[in-house]
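All remarks here apply to the structure that follows.
Residues take their numbers from the sequence shown, with the count starting at 1.
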Amino acid sequence: MCGIVGAAASFPMRDFLLKSLSKLQYRGYDSAGVAYFGEDGSIKTKRTVGSVEMLEGMLPPFSSRLAIGHTRWATNGLPSLKNAHPQTSLHGLVTLVHNGIIENEQTLRTFLEKHGYSFRSSTDTELIADFIEAALSSGKSPEEALSSLFRFLQGSFALAILIASSPGKLYFAKQSSPLVLGRGECGHLVASDPAALVGRADSFYDLEDGYYGYVSEDEAKLYVDGKEVPPSFEERNLGKYEIDLRGYPHFMIKEIEEEPEALMGLKDTIQAIPEDIVRLVREASSICLIGCGSSYHAALLSARAARRLGKRANAIPGSEFSIDPPPFEEGALFFLLSQSGETVDILDVLRLLPKGRTIALTNASHSRLARESAHHLFLDVGAEVAVAATKTFLGEVVLLNGLFLRAAGKEGTEGIDEASRSLRDVIARKHEVRSAASAIARTGHLYFIGRAEGNEAAMECALKVKEVACFRCESFPSGELKHGPIALIEKGTPLVAFSVGKGEAMVRLNAREAEARGASVLFLGSRKEDDFPVDPLPGVLEALPLVCYGQLLSYFLALELGKPCDRPRNLAKSVTVR
């Protein structure tokens, strides 16, 4: 879960690296570094623990037209200067950056020790650099050395590589981690996310597993199993994914405030869903929705929407599905939810499912999940830079609800106008949410309760508070409160009750039981006397203003507690390792 960028091009390389790495910090932010060729022909590296901003202060001007950069989210070796990328081989012949994890690390370490290698870091990345160097020293060409990676290494790797003896070429290799080639007027580029190349590349090629090769200013060479494969670059307009705060203090609040407009844009998306996908849903014997984190909560809500329209439907966490797959019913249809389309747990599930019966739902139109699923639904809600999902979560719920409505013979856009207005109202009252966050921050813990769609909203809000504010928070179906969790209630315990929809009356009753034991209850519901009234909405759309409230609450809690809301500790947006 790291950010990779590199280029062989004639534009100012230092500025390009810093700007692109800043765009990739959502993928990794424990450390950052760059490597380039110095005027003496040697490879220079600059690394720091912390942010790209810290790297900027220590990176001198340089004239190299070939460079790589990296932002790291630690999976192997603690965040430290010695473990930061780029990593250089023992004798300095190879410097590279790496996204992924090597599963046979100990075998590789033992192999290299037998060949006289010792190690300076505790990363698996350094071992890859040493392995390539050993292959080069044995007489292999760079291409042959890269080809041998796929025979020896087990696990995942996306690599951008500088080789001291080839100062005009940027090498790369890809296995189970995302990597894309870019082409522009000034040269060729590589990145783990095409959004990092906005403004520098206008056409792209998504690398498949087993691909390796190099780019220079003038050419891109691609190989698989020793055979050359001509890359087919295609033009893409990434203007919608330009990353810019536009005057906001943080990306998270910007993206929350983009939600009403994003929902309105989904009306066209729903109406444009191909009829063959609508027919698949209509004729499916059952529906299974699979996601992780926020996408799992969106899957739960969407399964509820499908059931209310007469379909048998369930939701399963991706990480659990791949461990213990349920029996597949003939005629079942599988939805795979992943905002990035690179979530490894969901890709693992995809390999277990019957071909032709999978529909991916992503906010990345050319992601691996989108390419490998039988069908693909594209959210198209614009870039989401903050690590915590906000508008993409709402987009998943609205798009799937619209699809299921269409399969039931309806238009599919029912309720979206009202939901968008409701979100605008919640956002307009964010000062009330901030006041609640200020009071809650002093307590050290928080609980959400709800029923039906209010329960799934509670689950998502609790996740947001844990993710963004690093604050102890749980959610319960309100009816389960008295079956154990009520033991946690004491005087002053803050509890947010979502009293909406079918479960409204019972949620109020359960909340009063907690209130009688000292809880400080904040009601969100459709009554004017509620602490935070919200508009009633049809079906699962009822959850949207509740979740928007929880997103704002988590954001303001993070501010109150001094937490980095855009890049919470220990988290990365695109989870590409197991």
Side-chain angles (χ1 to χ4, degrees), residues 262-291 294-316 318 321 326-339 341 346 349-350 353-363 365 369-370 372-381 392-420 452-453 456-457 501-502 537-544:
L263 258 61
M264 295 302 290
L266 284 165
K267 292 174 68 175
D268 289 340
T269 305
I270 290 167
Q271 292 173 336
I273 294 173
E275 185 58 37
D276 62 334
I277 292 180
V278 177
R279 186 171 57 255
L280 274 174
V281 174
R282 186 180 299 125
E283 296 174 354
S285 61
S286 63
I287 291 171
C288 182
L289 299 109
I290 305 145
S294 289
S295 288
Y296 171 58
H297 297 157
L300 286 168
L301 272 168
S302 300
R304 186 179 295 278
R307 290 195 298 271
R308 286 185 174 174
L309 292 168
K311 281 289 181 184
R312 286 193 295 121
N314 67 326
I316 302 176
F321 190 108
F328 302 151
E329 179 184 57
E330 186 176 354
L333 188 61
F334 300 88
F335 285 86
L336 299 146
L337 283 65
S338 169
Q339 296 142 23
I346 301 301
V349 170
L350 178 62
L353 299 178
K355 296 185 183 300
R357 306 296 297 175
T358 56
I359 302 177
L361 183 64
T362 78
N363 198 43
S365 60
L369 183 62
E372 296 184 6
S373 295
H375 306 276
H376 176 227
L377 297 174
F378 178 34
L379 286 175
D380 199 21
V381 295
T392 53
F393 168 82
L394 269 65
E396 288 174 335
V397 174
V398 171
L399 182 55
L400 286 172
N401 184 62
L403 170 59
F404 297 152
L405 285 170
R406 280 193 57 188
K410 302 179 184 296
E411 183 180 351
T413 59
E414 293 87 345
I416 292 180
D417 289 347
E418 295 87 343
S420 181
E453 54 274 309
E456 282 93 49
K502 289 185 174 182
L537 295 168
V540 297
L541 300 186
E542 194 97 66
L544 303 189

After noting the C-alpha distance and the side-chain angles of Leu541 and Glu418, does the key distance pass the side-chain contact (heavy atoms from CB on, under 4.5 Å) rule?
CA-CA 9 Å; Leu541 300 186; Glu418 295 87 343; over 6 Å; no
What's the shortest heavy-atom distance between Ser373 and Leu350, and which atoms?
OG-CD1, 3.8 Å
Testing Leu400, Asn401, Leu403, Val398 for side chain to side chain contact (heavy atoms under 4.5 Å, CB included) with Ile270, which one passes?
Val398
Keeping Lys311 on the side-chain end and Arg282 on the backbone end, is there a donor-acceptor pair under 3.5 Å?
yes
Between Gly318 and Val349, which heavy-atom pair has the shortest distance, and what is it?
O-CG2, 3.5 Å
Given the rule in the side-chain hydrogen bond (donor to acceptor under 3.5 Å, both in side chains) test, do Glu396 and Ser302 qualify, once you have shown the distances and angles that lead to the verdict?
CA-CA 8 Å; Glu396 288 174 335; Ser302 300; over 6 Å; no
Tell me, yes or no, whether the heavy-atom count around Glu330 atom CD, taken from other residues, nucleotides or ligands under 6.0 Å, exceeds 12.
no
Taking atom OG1 of Thr413 and atom CE of Met264, what is their separation to the nearest 0.5 Å?
9.0 Å
Going by heavy atoms in the side chains, are Phe334 and Ile359 under 4.5 Å from each other?
no
Are any side-chain N or O atoms of Ser285 and backbone N or O atoms of Gly331, one a donor and one an acceptor, separated by less than 3.5 Å?
yes
Return the CG to CG distance between Leu361 and Leu336, rounded to the nearest 0.5 Å.
9.5 Å
Can you confirm whether Asp276 sits close enough to His375 that some side-chain heavy atom of one is under 4.5 Å from a side-chain heavy atom of the other?
yes
Between Arg307 (side chain only) and Ala313 (backbone N and O only), is there a donor and an acceptor less than 3.5 Å apart?
yes
Taking every non-hydrogen atom, the tightest pair across Leu333 and Ala284:
CB-CB, 3.8 Å
Nearest 0.5 Å please: distance from the OG atom of Ser365 over to the CG atom of Leu379.
11.0 Å
Check Leu405 against Gly412 and note the closest heavy-atom contact, atom names and distance.
CB-CA, 3.8 Å
With rounding to the nearest 0.5 angstrom, report the OG1 to CG distance, Thr392 to Leu399.
12.5 Å
Return the CG to CG distance between Leu300 and Asn314, rounded to the nearest 0.5 Å.
9.5 Å
Can you label the angle between the Phe404 ring and the Phe335 ring as parallel, tilted or perpendicular, going by 30° and 60°?
perpendicular
Audit row: Ile346, Ile290, side-chain contact (heavy atoms from CB on, under 4.5 Å) steps and yes/no
CA-CA 7 Å; Ile346 301 301; Ile290 305 145; 3.9 Å; yes
Starting at CZ of Arg279, measure out to CZ of Arg406 and round the result to the nearest 0.5 Å.
11.0 Å
Looking at side-chain heavy atoms only, is the closest gap between Val381 and Leu394 below 4.5 Å?
no
Might you point out which heavy atoms bring Glu453 and Arg304 nearest each other, and give the distance in Å?
N-NE, 3.7 Å
Mind checking what makes side chain to side chain donor-acceptor pair (under 3.5 Å) contact with Arg357, not counting sequence neighbours?
none
So do the side chains of Asp417 and Lys267 get within less than 4.5 Å of each other, counting heavy atoms only?
yes
In terms of heavy-atom contacts, Gly415 and Pro538 come closest through CA-CG, 3.9 Å
